[in-house]
Each structure stands twice: as structure tokens, then as C-alpha cells.
Amino acid sequence: MKILVTGSAGFICGYLVEELLQCGHTVVGIDNYSKYGQVKKSYDANPNYEFHQVDAKDVTLMKELASDC
Ligand SMILES: NC(=O)c1ccc[n+]([C@@H]2O[C@H](COP(=O)([O-])OP(=O)(O)OC[C@H]3O[C@@H](n4cnc5c(N)ncnc54)[C@H](O)[C@@H]3O)[C@@H](O)[C@H]2O)c1
């Protein structure tokens, strides 16, 4: 599946994204880096991971990103 994860650079979703990728899913991660600043994650370079530094309150953009998830 292709799964949209908000807060993907955060504490809980850091583990969630890793798990989803290990299970063979494609992940679209959303984070505005407001909590910890720009953090590096082990899965940043994973070809099945697509990251967007955006605000999850942007409804138009969220609808667009979620459309094929
Ligand atoms: N070492 C530890 O045990 C540890 C460390 C950190 C957190 N925690 C705990 O984990 C829990 C919190 O974890 P979490 O993952 O729910 O929260 P989090 O704050 O770690 O992650 C939320 C993520 O969402 C992002 N975000 C916030 N608003 C956004 C917006 N409008 N658009 C896009 N991105 C946005 C933030 O930048 C952040 O990366 C708390 O209970 C905390 O105490 C524990």
C-alpha cells in the first residue's frame, strides 16, 4: 500500500515509517520540522520513502498528496 504519514520526522512516526517500509509499503511522509528542526532518519534515502517538508494544515496540498494513498 501507499501510506501517508503526518509527523513523519517525529518520535512515534519515526518508528512507524521504519516499520511500514520494512513491511514493503510505500510511504509519503509529511513534516514541517517545527518540533525538532531538520532531523535525519534512517529511511531518508529509502526509494520507497517520499518526504515533503510542508504544513499538514495546508488542506489543498494534503488532499493532493493523499489522493493516491
Ligand atoms: N526519548 C523518548 O522517550 C521520547 C522522545 C520524544 C518524544 N517522546 C514522547 O512521544 C510522544 C510524542 O510523540 P509524537 O511522535 O506523537 O510527537 P512528536 O512531537 O515527536 O512528533 C510530531 C511531529 O509532527 C510534526 N508536526 C507538528 N505539527 C505539524 C504540522 N502542522 N505539519 C507538519 N508536521 C507537523 C513535528 O515537527 C514532529 O516532527 C510524547 O508522549 C513524548 O513524551 C518520548
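Order of appearance sets the numbers: ligands from 1, and atoms from 1 within every ligand. Residues take their numbers from the sequence shown, with the count starting at 1.
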Look at [atom] and say which protein heavy atom is nearest, naming residue and atom and giving the distance to 0.1 Å.
atom	result
atom 22 (C) of ligand 1	Gly10 CA, 4.2 Å
atom 32 (N) of ligand 1	Ala56 N, 2.8 Å
atom 19 (O) of ligand 1	Lys35 NZ, 2.8 Å
atom 1 (N) of ligand 1	Phe11 CE1, 3.9 Å
atom 36 (C) of ligand 1	Asp31 OD1, 3.4 Å
atom 20 (O) of ligand 1	Tyr36 OH, 2.5 Å
atom 26 (N) of ligand 1	Asn32 OD1, 3.5 Å
atom 12 (C) of ligand 1	Ile12 CD1, 4.3 Å

* To do: Would you check the N or O atoms of Ile30, main chain and side chain alike, for any that come under 3.5 Å of an N or O of ligand 1?
  => no
* Any N or O of Lys57 closer than 3.5 Å to N or O of ligand 1 -> no
* What's the shortest heavy-atom distance between Gly10 and Lys41, and which atoms? -> O-NZ, 3.5 Å
* Structure fact -> Looking only at heavy atoms, the pair that brings Ser8 and Val17 closest together is CB-CG2, 4.0 Å
Flag [atom] as yes if some protein heavy-atom distance to it falls below 4.0 Å, otherwise no.
atom	value
atom 40 (C) of ligand 1	no
atom 29 (C) of ligand 1	yes
atom 43 (O) of ligand 1	no
atom 17 (O) of ligand 1	no

* Scan side-chain atoms only and decide if Thr26 and Tyr49 contain a donor-acceptor pair under the 3.5 Å cut-off. => no
* Structure fact -> At under 4.0 Å between heavy atoms, what of Tyr33 touches ligand 1? The answer is backbone
* Asked: With a 4.0 Å heavy-atom cut-off (strictly under), which part of Val54 contacts ligand 1: side chain, backbone, both or neither?
  -> backbone
* **Stepwise side chain to side chain contact (heavy atoms under 4.5 Å, CB included) test for His52 and Leu65** => CA-CA 9 Å; His52 297 266; Leu65 291 172; 3.6 Å; yes
* Does Tyr36 belong to the same Ile/Leu/Val/Met/Phe/Trp/Tyr cluster as Val5, with side-chain heavy atoms less than 4.5 Å apart forming each link? -> yes
* **Short side-chain to backbone donor-acceptor contact, Asp58 and Asp55, under 3.5 Å** => no
* Answer yes if the ring centres of Tyr43 and Phe51 are under 6.0 angstrom apart, and no otherwise. => no
* **Proximity flag Asp55 to ligand 1, non-hydrogen atoms under 4.0 Å** => yes
* Asked: Relative to the heavy atoms of Gly7, which atoms of ligand 1 are at a distance of less than 4.0 Å?
  -> 23 (C), 24 (O), 25 (C)
